[in-house]
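Notes to accompany the following structure.
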Amino acid sequence: MASDLPPLRIDLGERSYPIVFSGSFDLLADAARPCVAGRACAVVTNEAVGGLYGDAVCAALEAAGGRAQRFLLPDGEERKNLRTLECLLEGFARAGMSRTAVVVALGGGVVGDIAGFAAAAYMRGVDCIQVPTTLLAQVDSSVGGKTGVNLAAGKNLAGAFHQPRLVFINWNTLATLPPREARAGYAEVIKYGIIADAPLFEQLERETPGIIAALCATPARVPAALGAIIRRCCAIKADVVGRDEREGGLRAILNYGHTFAHAVEALTAYGEYVHGEAVAIGMHAAARLAAGLGLCDAALVARQARLLEAAGLPTAFPALEFDAVLAAFGRDKKSRGATLRFVLPRRIGAVEIIENTDMTALRAAIAPGGGSMHQRARR
Ligand SMILES: NC(=O)c1ccc[n+]([C@@H]2O[C@H](COP(=O)([O-])OP(=O)(O)OC[C@H]3O[C@@H](n4cnc5c(N)ncnc54)[C@H](O)[C@@H]3O)[C@@H](O)[C@H]2O)c1
Ligand SMILES: [Zn+2]
């Protein structure tokens with residue numbers, strides 16, 4: 001398959017699929033043809049992203065022999081709920097979409113998660129193509145088949161595993177991303193370096209200032225190196241998901257920093273930090289905990305903090321009650337029963353899952369401060 005960088009394949013038997021990487025939508029028609037020719041395509045997007053890229057994507061789907069129709073979702077995490085899902089499914093039905101329809105998710109993780117879940121549920125499952133347009137969605141949420149919406153009781157509590165047929169990544173869509181979203185997605189990029197790839201981490205140490213400056217400039221530019229970095233992140237996720245599709249064990253390493261991040265997000269009522277910022281704070285706390293437990297040296301904590309800060313991300317843990325943080329860990333759906341589980345770094349490129357840690361070390365790891373505070377302003 002033509003691609004501006006070699007495509008990747010997610011290996012899941014009959015549910016295997018390609019990830020195509022390109023600097024434009026020119027290759028989308030060829031990539032999508034096998035799954036859209038002669039079929040109705042429900043292009044699910046929002047006003048902002050649809051306004052920027054909807055025409056190009058619909059034109060490619062038509063060129064591939066599909067019949068494209070747009071469905072607009074409201075923007076924002078607070079609308080990632082059952083009500084929005086219901087409206088979308090009713091919309092599919094009103095439009096006469098059949099079992100052979102293909103859902104095309106065009107947008108960030110919110111659109112991808114809702115559209116993916118709608119594809120899993122509509123007529124007990126129709127095909128789905130992910131066309132992610134945020135850095136977070138390109139390196140994380142569009143790959144791996146997790147879909148879902150939030151419930152009042154918590155984030156992503158209703159959902160399904162539904163693998164897409166194709167993920168098409170056009171990294172140049174990142175040129176229109178708000179700078180804060182670009183930096184937040186970058187936290188997940190740094191995460192891949194720590195959990196699995198020391199050379200990637202070293203490359204990020206060298207190139208982050210230039211990449212972030214270009215992404216946050218007006219007008220923004222997407223540096224050539226970023227496409228290959230995104231591909232590398234997807235390759236790591238593909239490898240992990242290929243070995244553990246349903247999070248039996250290994251897939252948990254993708255949650256590095258996330259136990260802390262979810263607690264920070266919940267205890268600040270999802271109003272203060274975007275997800276990637278909370279992940280940056282969470283990775284710093286995890287590294288401090290690992291150092292406190294003697295699992296890694298203090299130099300790792302400092303190196304990771306320098307890289308996060310070079311990307312303009314915060315690292316300081318906010319002032320929260322220790323007991324409230326512990327209670328939030330307990331509510332995190334990824335912790336099992338009363339056991340606390342943390343993904344902790346051993347060295348750059350290698351993490352370990354540790355259960356039930358020492359409370360004194362945990363308290364020290366999330367002591368307020370101990371890092372950089374910038375980027376804390378409300379949106
Ligand atoms: N399914 C998974 O495995 C998985 C993994 C990680 C995160 N997620 C989910 O992803 C969601 C977060 O996704 P996100 O960070 O992409 O946020 P998002 O989807 O809310 O997008 C952020 C903002 O950027 C806008 N936008 C998107 N692409 C743009 C572009 N190219 N140009 C200009 N504006 C653009 C969006 O309209 C939105 O306002 C969360 O709901 C999270 O739970 C899912
Ligand atoms: Zn994340």
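Counting starts at 1 for both ligands and their atoms, following the listed order.
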Practice problem: Output the list of atoms in ligand 1 that are nearer than 4.0 Å to some heavy atom of Asp75, sorted by atom number. | Solution: 36 (C), 37 (O), 38 (C), 39 (O)
Exercise. Could you check whether the rings of Phe329 and Phe342 sit parallel, tilted or perpendicular, using 30° and 60° as the cut-offs?
Key: perpendicular
Quiz item: Under 4.0 Å from any heavy atom of Leu52, which atoms of ligand 1 are there?
Solution: 32 (N), 33 (C)
Practice problem: Would you confirm whether Asp4, through its side chain, and Gly23, through its main-chain N or O, come within 3.5 Å as a donor-acceptor pair? | Solution: yes
Quiz item: Which of these, Leu177, Val139, Ile114, Asp140, has its nearest heavy atom closest to atom 6 (C) of ligand 1?
Solution: Asp140
Quiz prompt | Cationic N near anionic O, under 4.0 Å, Arg79 to Asp75 | solution = no
Quiz item: Is ligand 1 under 4.0 Å from a heavy atom in the side chain of Asn46, in the backbone, in both, or in neither?
Solution: side chain
Exercise. List every atom of ligand 1 that sits less than 4.0 Å from any heavy atom of Val49, numbering the atoms from 1 in the order shown and giving each element.
Key: 26 (N), 27 (C), 28 (N), 29 (C), 35 (C), 37 (O)
Quiz item: If you look only at pairs with a residue in residues 45-71, which of them pass as a salt bridge (Lys or Arg N to Asp or Glu O under 4.0 Å), with sequence neighbours excluded?
Solution: Asp55-Arg70
Self-check item: Separation of Glu265 CD from Ile281 CD1 (nearest 0.5 Å)
Solution: 9.5 Å
Quiz item: Are Ile354 and Val301 connected in the hydrophobic side-chain network, where two residues link if heavy atoms are under 4.5 Å apart?
Solution: no
Quiz item: So which bit of Lys146 gets within less than 4.0 Å of ligand 1, heavy atoms only: side chain, backbone, both or neither?
Solution: both
Self-check item: All side-chain hydrogen bond (donor to acceptor under 3.5 Å, both in side chains) counterparts of Tyr192, not counting sequence neighbours
Solution: none
Practice problem: Can you sort out which atoms of ligand 1 are near Asn156, meaning under 4.0 Å from one of its heavy atoms? | Solution: 43 (O)
Exercise. Could you tell me whether the side chain of Thr45 and the main chain of Gly107 form a donor-acceptor pair under 3.5 Å?
Key: no
Quiz prompt | Atoms of ligand 1 close to Tyr53 [distance to a heavy atom under 4.0 angstrom, numbered from 1] | solution = 31 (N)
Quiz item: Are Asp113 and Phe117 side-chain neighbours, meaning at least one heavy-atom pair lies under 4.5 Å?
Solution: no
Quiz prompt | Pairwise salt bridge (Lys or Arg N to Asp or Glu O under 4.0 Å) hits with a residue in residues 117-144, at least two apart | solution = Arg39-Asp127, Asp127-Arg165, Asp140-Lys191, Asp140-Lys237
Exercise. List every atom of ligand 1 that sits less than 4.0 Å from any heavy atom of Thr134, numbering the atoms from 1 in the order shown and giving each element.
Key: 14 (P), 16 (O), 21 (O), 27 (C), 28 (N)
Quiz prompt | Electrostatic pair Arg180:Glu277 at N-O distance under 4.0 angstrom | solution = yes
Exercise. Only heavy atoms count here, so choose which of Leu135, Thr176, Leu174, Leu106 is nearest to atom 33 (C) of ligand 1.
Key: Thr176
Self-check item: Any His275 heavy atom less than 4.0 Å to ligand 1
Solution: no
Quiz item: Can you list the atoms of ligand 1 that are under 4.0 Å from a heavy atom of Lys80?
Solution: 9 (C), 40 (C), 41 (O), 42 (C), 43 (O)
Self-check item: Protein N, O or S atoms under 2.8 Å from the Zn ion (ligand 2)
Solution: 3
Exercise. Would you tell me which option among Leu73, Asn172, Leu136 has the nearest heavy-atom contact to atom 7 (C) of ligand 1?
Key: Leu136
Self-check item: Neighbour count above 12 (heavy atom, 6.0 Å) for Arg9 CZ
Solution: yes
